[in-house]
Peer 1: 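One structure, as structure tokens, below. Some questions next.
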Amino acid sequence: MQEFSFCCPTEIVFGRGTEERTAELLKKYGAHRVFVIYGGGSVVRSGLLARVERVITANGLAFRVMGGVQPNPRLSLAREAIREAISFEADFILAVGGGSVIDTAKAVAHGTANPQTDIWEFWEGKAKLKKSLPIGVVLTLPAAGSETSDSAVLTNEEAGKKGGLHTPLNQPAFAILNPELAFTLSSPQLAAGIADIIMHTLERYMTHVDGNELTDRIAETLLSNVVKYAPVVLAHHKDYEAMSEIMWSGTLSHCGLTGLGRPKDFSVHKLGHALSARYDTNHGESLTALWASWARAVYEERPERFARYAEKVWDVDAGSPEERARAGIRKTEEFFRSLKLPVSLGELPSGVLDKAALKALADNVTDGGKKTVGSFRPVDKALALQIYEAANH
Ligand code: NZQ
Ligand code: ZN
């Protein structure tokens with residue numbers, strides 16, 4: 001096995017009605033003044049926010065609530081929330097929602113603990129984050145894995161950039177996972193979340209580093225489990241068992257467990273972030289629109305790895321490594337299609353793009369050609385353009 005370091009400090013409380021334990025967990029992790037963040041209103045309509053407020057009030061904790069986080073969360077709203085949280089003298093940030101809400105909560109925790117620094121400096125690496133406030137999560141959407149991840153992704157709308165900050169200070173103190181809270185998701189959003197879960201493991205799985213058999217098997221089992229339960233939960237959103245499997249897979253997919261001992265790739269995420277920064281593309285859809293084009297551009301670097309994926313997850317056992325690799329890519333694409341997800345740029349709301357737009361995306365993702373992204377085959381500007389072009393139909 002390769003050397004690795006793994007720390008998932010987040011207490012996960014899983015099951016029906018677990019949001020009733022929010023106040024108990026807040027107190028356990030030292031909260032006195034809780035700044036609660038939510039999104040565009042789904043938690044208001046479902047009554048979840050009111051239930052959380054009730055348990056916090058019943059336990060005598062002070063709190064202030066702020067909504068308005070939108071998907072592809074904006075830096076400007078995070079800055080506004082930081083001002084609010086500072087004026088409230090918050091000592092704990094609670095996210096009630098999906099990845100966008102959680103990532104905004106992380107930004108608010110960092111900004112509130114460091115009022116002298118504009119948070120984008122942390123994202124740009126111009127300032128080093130040394131302290132933050134604790135964060136808690138009541139999860140409503142199995143997708144981003146932010147409930148345990150060390151990442152927080154924001155969109156700087158002025159700079160036209162979407163990017164992540166990676167630090168252990170992003171790992172929440174606790175995460176409440178009640179699969180019933182996801183029953184109200186729309187099918188497109190649930191499908192996009194499922195794709196994101198798959199991608200968090202796949203972006204760790206495609207590697208040149210061997211010798212992590214248990215990690216590989218965990219990854220393959222997780223992927224197979226998601227493939228098995230995705231159609232079930234999409235046909236019956238209120239199937240508790242199926243939603244449980246998807247939600248727990250989502251959390252495990254992005255906590256680091258499925259990629260121990262090797263570098264992450266994540267080039268498809270970065271190619272997707274450039275799309276989202278420009279066109280406000282849904283995160284999961286940005287990934288499914290690009291993944292197969294990326295895979296076809298890079299699999300020859302190591303066909304055996306793609307072939308193993310095809311065999312373990314899609315039961316492809318015939319043909320040369322190259323043939324099996326291509327069959328696995330095709331099966332993945334068909335699976336995304338079966339979930340009614342886009343597998344090309346033309347199927348996104350932004351449609352087929354012109355040459356200048358593709359070039360701008362390739363510039364965005366590589367900082368004008370100054371850097372590469374990913375590790376399986378580092379993606380430079382020319383390769384980024386090639387991938388966008390291949391997906392542009
Ligand atoms: O805003 P509300 O009204 O709550 O509606 C949301 C939003 O419109 C809705 N929703 C969430 N839970 C719901 C619900 N609707 C009905 N019932 C529920 N139970 O879903 C929509 C999308 O929400 P969002 O939080 O944006 O989705 P997701 O969880 O997929 O998060 C996506 C964001 O996370 C980032 C992505 O880039 C994107 O910005 N990521 C964060 C990561 C991390 N921090 O580790 C890793 C990921 O790779 C990803 O990049
Ligand atoms: Zn993702």
Side-chain angles (χ1 to χ4, degrees), residues 8 10 19 37-49 66-75 77-78 95-107 123 135 137-157 161-167 169-172 175 177-204 237-238 243 246-247 250-251 253-256 264-277 280-288 290-291:
C8 180
T10 307
E19 65 274 17
I37 302 183
Y38 69 96
S42 70
V43 300
V44 177
R45 292 189 292 279
S46 67
L48 172 63
L49 186 65
M66 181 171 163
V69 176
Q70 61 195 100
N72 293 319
R74 308 300 199 265
L75 173 63
L77 186 106
V96 184
S100 296
V101 171
I102 303 168
D103 288 358
T104 303
K106 292 176 179 183
W123 262 253
I135 307 147
V137 173
V138 181
L139 185 69
T140 64
L141 168 47
S146 185
E147 63 274 13
T148 51
S149 82
D150 66 356
S151 311
V153 184
L154 285 184
T155 296
N156 179 339
E157 57 272 52
K161 278 288 211 186
K162 180 176 177 186
L165 168 71
H166 309 283
T167 158
L169 291 169
N170 274 331
Q171 291 175 289
L177 271 56
N178 173 1
E180 289 183 337
L181 299 179
F183 286 175
T184 49
L185 280 165
S186 69
S187 294
Q189 190 55 60
L190 181 54
I194 288 168
D196 196 20
I197 293 170
I198 289 175
M199 292 301 308
H200 292 151
T201 287
L202 266 189
E203 295 249 47
R204 292 175 163 91
H237 286 207
K238 295 190 176 166
M243 189 64 90
I246 294 293
M247 189 171 260
T251 300
S253 195
H254 202 33
C255 70
K264 293 189 274 185
D265 186 83
F266 274 74
S267 44
V268 182
H269 266 72
K270 298 202 171 116
L271 293 160
H273 287 343
L275 264 179
S276 299
D280 204 16
T281 313
N282 174 287
H283 174 59
E285 293 186 0
S286 76
L287 305 176
T288 59
L290 292 168
W291 184 79

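Start at 1 and go down the list; that is how both ligands and their atoms are numbered. Scope of the values below: all heavy atoms of this structure, side chains included, with no hydrogens, waters or symmetry mates. In what follows, residues are counted from 1 in the order of the sequence shown.
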Peer 1: Have a look at Thr148, Leu165, Val268, Leu185 and point out the one with the heavy atom closest to atom 10 (N) of ligand 1.
Peer 2: Leu185
Peer 1: Is there a side-chain contact between Trp123 and Leu154 (heavy atoms, below 4.5 Å)?
Peer 2: yes
Peer 1: Answer side chain, backbone, both or neither: which part of Ser149 comes under 4.0 Å from ligand 1, heavy atoms only.
Peer 2: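 Only the side chain of Ser149 comes within reach of ligand 1.
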Peer 1: Students should be able to answer this: which protein heavy-atom is nearest to atom 18 (C) of ligand 1, and at what distance?
Peer 2: Thr184 OG1, 3.4 Å
Peer 1: Name the orientation class of the two ring planes belonging to His254 and His269 (parallel below 30°, tilted from 30 to 60°, perpendicular beyond 60°).
Peer 2: parallel
Peer 1: Report the nearest protein non-hydrogen atom to atom 30 (O) of ligand 1: residue, atom name, distance rounded to 0.1 Å.
Peer 2: Ala143 CB, 3.5 Å
Peer 1: N/O of Gly41 under 3.5 Å from N/O of ligand 1, yes or no?
Peer 2: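 So ligand 1 has an N or O lying under 3.5 Å from an N or O of Gly41.
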Peer 1: Is any side-chain heavy atom of Met199 closer than 4.5 Å to a side-chain heavy atom of Phe266?
Peer 2: no
Peer 1: How does Thr140 reach ligand 1, if at all, at less than 4.0 Å between non-hydrogen atoms: by side chain, backbone, both, or neither?
Peer 2: both
Peer 1: Just to be careful: counting only protein atoms that are N, O or S, how many fall under 2.8 Å of the Zn ion (ligand 2)?
Peer 2: 4
Peer 1: Residues in side-chain hydrogen bond (donor to acceptor under 3.5 Å, both in side chains) with Thr251, at least two apart?
Peer 2: Glu147
Peer 1: Under a 4.5 Å cut-off applied to non-hydrogen side-chain atoms, are Ser149 and Lys106 in contact?
Peer 2: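 Yes - at least one pair of side-chain heavy atoms lies under 4.5 Å apart.
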Peer 1: Given Met66 and Leu77, is the side-chain contact (heavy atoms from CB on, under 4.5 Å) satisfied, shown in steps?
Peer 2: CA-CA 10 Å; Met66 181 171 163; Leu77 186 106; 4.2 Å; yes
Peer 1: Report, in ascending order of atom number, the atoms of ligand 1 lying under 4.0 Å from any heavy atom of Pro73.
Peer 2: 39 (O)
Peer 1: Side chains of Leu181 and Met243: does their closest heavy-atom pair fall under 4.5 Å?
Peer 2: no
Peer 1: If you have a sec, work out which protein heavy atom is nearest atom 34 (O) of ligand 1 and how many Å separate them, to one decimal?
Peer 2: Ala144 CB, 3.7 Å
Peer 1: Could you find the nearest protein heavy atom to atom 27 (O) of ligand 1 and give me its residue, atom name and distance?
Peer 2: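 Atom 27 (O) of ligand 1 sits closest to the protein heavy atom Leu141 CD2, 3.2 Å.
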Peer 1: List ligand 1 atoms under 4.0 Å from Asn72, heavy atoms only on the residue side.
Peer 2: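 Counting from 1, the qualifying ligand atoms are 39 (O).
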Peer 1: For atom 36 (C) of ligand 1, what's the nearest protein heavy atom and its distance?
Peer 2: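 I find the closest protein heavy atom is His283 CG, 3.5 Å.
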Peer 1: Which atom names give the shortest non-hydrogen contact between Lys162 and Ala277, and what distance separates them?
Peer 2: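 Distance-wise, the nearest heavy atoms are N-CB, 3.8 Å.
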Peer 1: Using a plain distance cutoff, I'd like to know if Asp103 has any nitrogen or oxygen under 3.5 Å from a nitrogen or oxygen of ligand 1.
Peer 2: yes
Peer 1: Between Ile102 and Leu139, does the side-chain contact (heavy atoms from CB on, under 4.5 Å) criterion hold? Intermediate values first, please.
Peer 2: CA-CA 8 Å; Ile102 303 168; Leu139 185 69; 3.7 Å; yes
Peer 1: Provide the closest heavy-atom pair for Ser151 versus Asn170 in the form atom of the first, atom of the second, distance.
Peer 2: C-ND2, 3.5 Å
Peer 1: Can you name the atoms of ligand 1, numbered from 1 with element, that are less than 4.0 Å from a heavy atom of His254?
Peer 2: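 In order of number, 45 (O), 46 (C).
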Peer 1: Just to check, does Met199 reach to within less than 4.0 Å of ligand 1 when the distance is taken from its heavy atoms?
Peer 2: no
Peer 1: Counting C-beta onward and ignoring hydrogens, is there a side-chain heavy-atom pair between Leu202 and Trp291 closer than 4.5 Å?
Peer 2: yes
Peer 1: Using a plain distance cutoff, I'd like to know if Gly39 has any nitrogen or oxygen under 3.5 Å from a nitrogen or oxygen of ligand 1.
Peer 2: no
Peer 1: Quick check on atom 21 (C) of ligand 1 - does any protein heavy atom sit closer than 4.0 Å to it?
Peer 2: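 It does: a protein heavy atom is found less than 4.0 Å away from atom 21 (C) of ligand 1.
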Peer 1: Going by the order shown, which atoms of ligand 1 are within less than 4.0 Å of some heavy atom of His273?
Peer 2: 37 (O), 50 (O)
Peer 1: For a quick test of reading the model, state the closest non-hydrogen atom pair linking Val43 to Thr140 and the distance between them.
Peer 2: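 For Val43 versus Thr140, the nearest heavy atoms are CG1-CG2, 3.9 Å.
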Peer 1: Tell me which part of Gln70 gets within contact of ligand 1: side chain, backbone, both or neither, using heavy atoms under 4.0 Å.
Peer 2: neither
Peer 1: Measure the distance from atom 5 (O) of ligand 1 to every protein heavy atom, then report the residue, atom name and distance (to 0.1 Å) of the closest one.
Peer 2: Ser42 OG, 3.8 Å
Peer 1: Where do Pro73 and Thr104 come nearest, in terms of heavy atoms and distance?
Peer 2: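 That closest heavy-atom pairing would be CB-OG1, 3.3 Å.
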Peer 1: Who's the nearest protein heavy-atom neighbour of atom 38 (C) of ligand 1, and how far?
Peer 2: Lys162 NZ, 3.7 Å
Peer 1: Do His237 and Ser187 come within less than 4.5 Å of each other through their side chains, counting heavy atoms only?
Peer 2: yes
Peer 1: To which protein heavy atom is atom 47 (C) of ligand 1 closest, and what is the distance rounded to 0.1 Å?
Peer 2: His200 NE2, 3.3 Å
Peer 1: Under a 4.5 Å cut-off applied to non-hydrogen side-chain atoms, are His273 and His283 in contact?
Peer 2: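 Heavy-atom side-chain distance check passes, below 4.5 Å.
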Peer 1: May I ask you to identify, for Ser100, whether its side chain, its backbone, both or neither come under 4.0 Å of ligand 1 on a heavy-atom basis?
Peer 2: both
Peer 1: Of all heavy-atom pairs between Thr155 and Asn72, which one has the smallest distance, and what is that distance?
Peer 2: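 Looking at all heavy atoms of both residues, the closest pair is OG1-O, 3.8 Å.
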Peer 1: Do any N/O atoms on Leu181 end up under 3.5 angstrom from N/O atoms on ligand 1?
Peer 2: yes
Peer 1: Taking the side chain as C-beta and beyond, is there a heavy-atom pair between Leu287 and Asp196 under 4.5 Å?
Peer 2: yes
